[in-house]
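What you see is a predicted model, and the numbers here were worked out from it, not measured in a lab.
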Amino acid sequence: MKKRKIDISVISDAHLGTHECHADELLTYLSSISPKTLILNGDILDIKRFNRSYFPTKHTKVLRKIITLSMKGTEVYYITGNHDDMMRRFAGISLGNLHIVNKLVLNLHGKKAWFFHGDIFDFSIKNARLFAKLGSFGYAFLFIANRMFNWSLKKRGKDKYSLSNTIKKNGKKSMEVTSKFEKSAADIAIENGYDYVVCGHIHQPKKSLHQTSKGSCTYLNSGDWVENLTALEYSLKRWKVYRYNHDKLSPFFMDEELKNMNMQDLINSIAIAKAKPKKEGETPTDN
């Protein structure tokens, strides 16, 4: 089957390991594309809700497909999120073409694109603009403040605050909260000179232009593979929101190597992966 060649694909919030994940559809999508770069923008694995008794074969196949793409030359960046924040201790590690980071900056045809999951705004959307004025240190302060905030909640026996859950539970307020999230991300991006800011977290796929007195920025959100089944694609110098249920797909079949690949093969593939120099013009950064 001929696959669509694209420069970048961004997916987030797959929540593998939960009943809500649409793993079959995600695997079909990943099998339909041949991206130069694949960005996993947080909450791909739902480690927060991980249960050894529930991790179906189809969820494992998604992981195998991602590893297979990296072995075939696709640069894969796994950006950590709030449901897989245990992986933040591995930020900065690269295994062949697979890189684990907390955030990422890429130079796309002369424009700067900033990728991060978005859970830093769980701490305070209200004060995000204040942090934005701190320039390049703003994100770092928000990141640290959010972790301390959730640590404090945990010490008091309370659940971590989740902006995405708030949006889901409060229908009347969801548009207002979503709008504040988008504006906060765009404001920080503009303050720091980014042309694109790409998030996940709130499960709301979007592409919109934001302008302030200091400049403009395109806000993008990759949505999720729980409800919306969406991704972001960059090709021919343009971004688009890909919607699985609306964008027509020819039937795709699983790659032959995936059919016969067991979990031990997957582990071995990661272990023997060799480091590869990063492509010119792509600058990953991390906290």
Side-chain angles (χ1 to χ4, degrees), residues 6-13 37 39 41-42 77 79 81 101-143 145-146 163-164 166-167 170 172-224 228 230-243 246 281-285 287:
I6 55 179
D7 292 335
I8 299 174
S9 172
V10 184
I11 62 173
S12 68
D13 300 274
T37 301
I39 298 174
N41 203 357
Y77 293 96
I79 300 174
V101 296
N102 289 333
K103 60 175 180 173
L104 177 69
V105 174
L106 296 181
N107 187 328
L108 305 178
H109 299 98
K111 293 187 176 182
K112 291 174 65 178
W114 185 28
F115 304 80
F116 63 95
H117 182 61
D119 55 297
I120 58 169
F121 296 125
D122 285 1
F123 168 63
S124 177
I125 284 182
K126 188 183 300 182
N127 295 319
R129 188 173 180 82
L130 174 62
F131 285 103
K133 294 184 181 298
L134 296 174
S136 60
F137 299 101
Y139 176 91
F141 281 135
L142 264 176
F143 188 86
N146 185 46
L163 195 64
S164 56
T166 300
I167 291 173
N170 300 284
K172 293 182 179 179
K173 294 183 178 180
S174 64
M175 291 184 65
E176 180 183 351
V177 175
T178 300
S179 178
K180 288 182 178 179
F181 178 93
E182 295 171 5
K183 187 176 185 304
S184 297
D187 283 348
I188 291 180
I190 291 171
E191 290 279 351
N192 288 277
Y194 295 111
D195 299 287
Y196 306 114
V197 58
V198 188
C199 301
H201 189 47
I202 60 172
H203 296 203
Q204 302 289 323
K206 186 76 174 286
K207 174 186 175 183
S208 61
L209 179 66
H210 288 254
Q211 294 181 310
T212 70
S213 60
K214 294 186 177 181
S216 64
C217 175
T218 298
Y219 165 85
L220 297 137
N221 195 297
S222 45
D224 65 280
N228 295 294
T230 54
L232 290 170
E233 295 183 350
Y234 179 80
S235 195
L236 300 175
K237 301 182 181 181
R238 294 183 179 181
W239 283 101
K240 66 165 283 188
V241 176
Y242 172 89
R243 300 178 185 274
H246 298 288
E282 297 188 355
T283 311
T285 61
N287 262 349

A.B. asks: Is any side-chain heavy atom of I188 less than 4.5 Å from a side-chain heavy atom of Y194?
C.D. replies: no
A.B. asks: Given 3.5 Å as the limit, does a donor-acceptor pair link the side chain of S208 with the main chain of T218, or not?
C.D. replies: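 Side chain of S208 to backbone of T218: no pair is present.
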A.B. asks: Find the distance between CG (D13) and CG (N41) and round it off to the nearest 0.5 Å.
C.D. replies: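 Nearest 0.5 Å value for the CG-CG distance: 8.0 Å.
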A.B. asks: Mind checking the SG-OH spacing from C217 to Y196? Nearest 0.5 Å is all I need.
C.D. replies: 9.5 Å
A.B. asks: Measure the OG1-CG distance between T178 and N221 for me, rounded to the nearest 0.5 Å.
C.D. replies: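 Rounded to the nearest 0.5 Å, the OG1-CG separation comes to 9.0 Å.
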A.B. asks: Please state whether the rings of Y234 and W239 are parallel, tilted or perpendicular, taking 30° and 60° as the class boundaries.
C.D. replies: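 Tilted: the ring planes of Y234 and W239 meet at 30° to 60°.
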A.B. asks: Got a second to check how far D195's CG is from I190's CD1, nearest 0.5 Å?
C.D. replies: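 It is 10.0 Å, given to the nearest 0.5 Å.
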A.B. asks: Identify the two heavy atoms, one from I79 and one from F116, that lie closest to each other, and give their separation to 0.1 Å.
C.D. replies: CG2-CA, 4.2 Å
A.B. asks: Of V198, I11, V10, which is the lone residue that meets side chain to side chain contact (heavy atoms under 4.5 Å, CB included) with I39?
C.D. replies: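 Output: one option passes, namely V10.
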A.B. asks: Any idea which heavy atoms bring R243 and P205 closest together, and the distance?
C.D. replies: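 Closest approach of R243 to P205: NH1-CG, 3.7 Å.
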A.B. asks: When rounded to the nearest 0.5 angstrom, what is the spacing between NZ in K207 and CG in L232?
C.D. replies: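 Output value for this atom pair is 9.5 Å.
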A.B. asks: So for atom CG, which belongs to L209, do other residues, nucleotides or ligands contribute more than 12 heavy atoms lying within a distance under 6.0 Å?
C.D. replies: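 Buried by this count: over 12 neighbours within 6.0 Å.
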A.B. asks: For Y219 and H210, take the angle between the two ring planes, folded into 0 to 90°, and tell me which bin it lands in: parallel under 30, tilted 30 to 60, perpendicular over 60.
C.D. replies: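 Perpendicular: the ring planes of Y219 and H210 meet at over 60°.
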A.B. asks: Dump the intermediate steps for side-chain contact (heavy atoms from CB on, under 4.5 Å) on D7 and L108, then the final yes or no.
C.D. replies: CA-CA 10 Å; D7 292 335; L108 305 178; over 6 Å; no
A.B. asks: Any chance you could measure S222, atom OG, to H203, atom NE2, to the nearest 0.5 Å?
C.D. replies: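 Going from the OG atom of S222 to the NE2 atom of H203 covers 9.5 Å.
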A.B. asks: Show, in sequence, the C-alpha distance, side-chain angles and deciding distance for Y242 and S9, and conclude whether the side-chain contact (heavy atoms from CB on, under 4.5 Å) test is met.
C.D. replies: CA-CA 9 Å; Y242 172 89; S9 172; over 6 Å; no
A.B. asks: Take F181 and H201 through the side-chain contact (heavy atoms from CB on, under 4.5 Å) test and state the conclusion after the steps.
C.D. replies: CA-CA 10 Å; F181 178 93; H201 189 47; 4.2 Å; yes
